[in-house]
Amino acid sequence: QVQLVESGGGLVQSGESLRLSCTASGLTLHYFAVGWFRQAPGKEREGVACLMSRDGQTYYGDSVRGRFTISRDLDRNTVYLQMNSLKPEDTAVYYCAAERLPLTAAQKLCEFYDDAWGQGIQVTVSS
């Protein structure tokens, strides 16, 4: 059974940091791209950061580039999202998702990941 489990969310103040983890079971991340997505109330889901290839190619959304970093530990089958300099507008439910390689052109823009999704985790940034 394929499963992605997010952890590490919570409530922080503006300017602080959090690290989210996404641990996979039932699939080997070496063969998948993994992305972090978020959805705030009343807004569409957006791709935050994606790690798209075996050589570590990444994509970041404009709103988080320079503040967030996606990384992985293949031994732990886990992907991380380090979030620094958090802002209130980063408040959302964060999801990780996996897509088997190779990716389509759209998927290389951190869109349309379908193979597996986590349950989501809340990140709240207070001002």
Side-chain angles (χ1 to χ4, degrees):
Q1 180 181 359
V2 174
Q3 192 173 19
L4 300 177
V5 178
E6 302 99 337
S7 61
L11 171 63
V12 296
Q13 294 188 335
S14 181
E16 293 185 340
S17 298
L18 275 176
R19 188 178 78 159
L20 303 183
S21 300
C22 172
T23 300
S25 59
L27 62 86
T28 302
L29 289 181
H30 180 72
Y31 301 104
F32 286 80
V34 178
W36 286 97
F37 302 80
R38 69 185 182 187
Q39 188 164 22
K43 294 187 176 181
E44 293 187 356
R45 188 175 65 197
E46 64 172 326
V48 174
C50 288
L51 204 159
M52 300 182 294
S53 67
R54 296 190 181 97
D55 63 4
Q57 184 181 8
T58 56
Y59 171 94
Y60 293 96
D62 290 341
S63 61
V64 306
R65 190 174 295 117
R67 299 187 297 124
F68 290 12
T69 303
I70 188 170
S71 62
R72 67 187 172 193
D73 183 336
L74 294 178
D75 289 338
R76 289 183 167 84
N77 223 27
T78 297
V79 174
Y80 304 98
L81 184 67
Q82 178 67 42
M83 306 186 293
N84 297 331
S85 303
L86 282 161
K87 305 175 182 180
E89 51 263 44
D90 294 318
T91 296
V93 177
Y94 284 70
Y95 302 87
C96 65
E99 181 67 31
R100 184 177 291 274
L101 297 171
L103 302 180
T104 64
Q107 290 166 342
K108 291 179 181 178
L109 297 176
C110 211
E111 297 180 350
F112 307 117
Y113 280 41
D114 294 323
D115 286 341
W117 281 84
Q119 80 285 355
I121 193 163
Q122 179 70 44
V123 172
T124 303
V125 184
S126 64
S127 56

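The basis for the numbers below is simple: all heavy atoms, side chains too, and nothing from hydrogens, waters or symmetry mates.
Here the side chain of Q13 pairs no donor or acceptor atom with the backbone of S126 at under 3.5 angstrom. The backbone N or O of S25 sits nowhere less than 3.5 Å from a side-chain atom of N77 that would complete a donor-acceptor pair. With hydrogens and angles disregarded, no donor-acceptor distance shorter than 3.5 Å links the side chain of Q82 to the backbone of R19. For the pair T104 (side chain) and Q107 (backbone), a donor-acceptor distance under 3.5 Å is present. A donor-acceptor pair under 3.5 Å is absent between the side-chain atoms of Q39 and the main chain of A92, judged by distance alone.
Between D55 and R72, the closest heavy-atom pair is N-NH2, 4.1 Å. Minimum heavy-atom separation, L27 to A98: CD2-CB, 4.4 Å.
Residues C22 and Y95 form no side-chain contact, since every pair of their non-hydrogen atoms from C-beta on lies 4.5 Å or further apart. For the pair F68 and L86, the minimum side-chain heavy-atom distance is below 4.5 Å. C110 is not listed as a side-chain neighbour of Y60, based on a closest heavy-atom distance of 4.5 Å or more. You'll find the side chain of R76 stays beyond 4.5 Å of the side chain of S21, heavy atoms only.
The side chain to side chain contact (heavy atoms under 4.5 Å, CB included) test with M83 is passed by exactly one of V125, V123, D90: V123. Among M52, E99, R100, the one residue that satisfies the side chain to side chain contact (heavy atoms under 4.5 Å, CB included) test with F32 is R100.
Side chain to side chain, T78 and T23 meet the donor-acceptor criterion of an N or O pair below 3.5 Å.
Separating the CD1 atom in I70 from the SG atom in C96 is a distance of 9.0 Å, to the nearest 0.5 Å.
Counted within 6.0 Å of CZ on R65, heavy atoms from surrounding residues, nucleotides or ligands total more than 12; the atom is thus considered enclosed.
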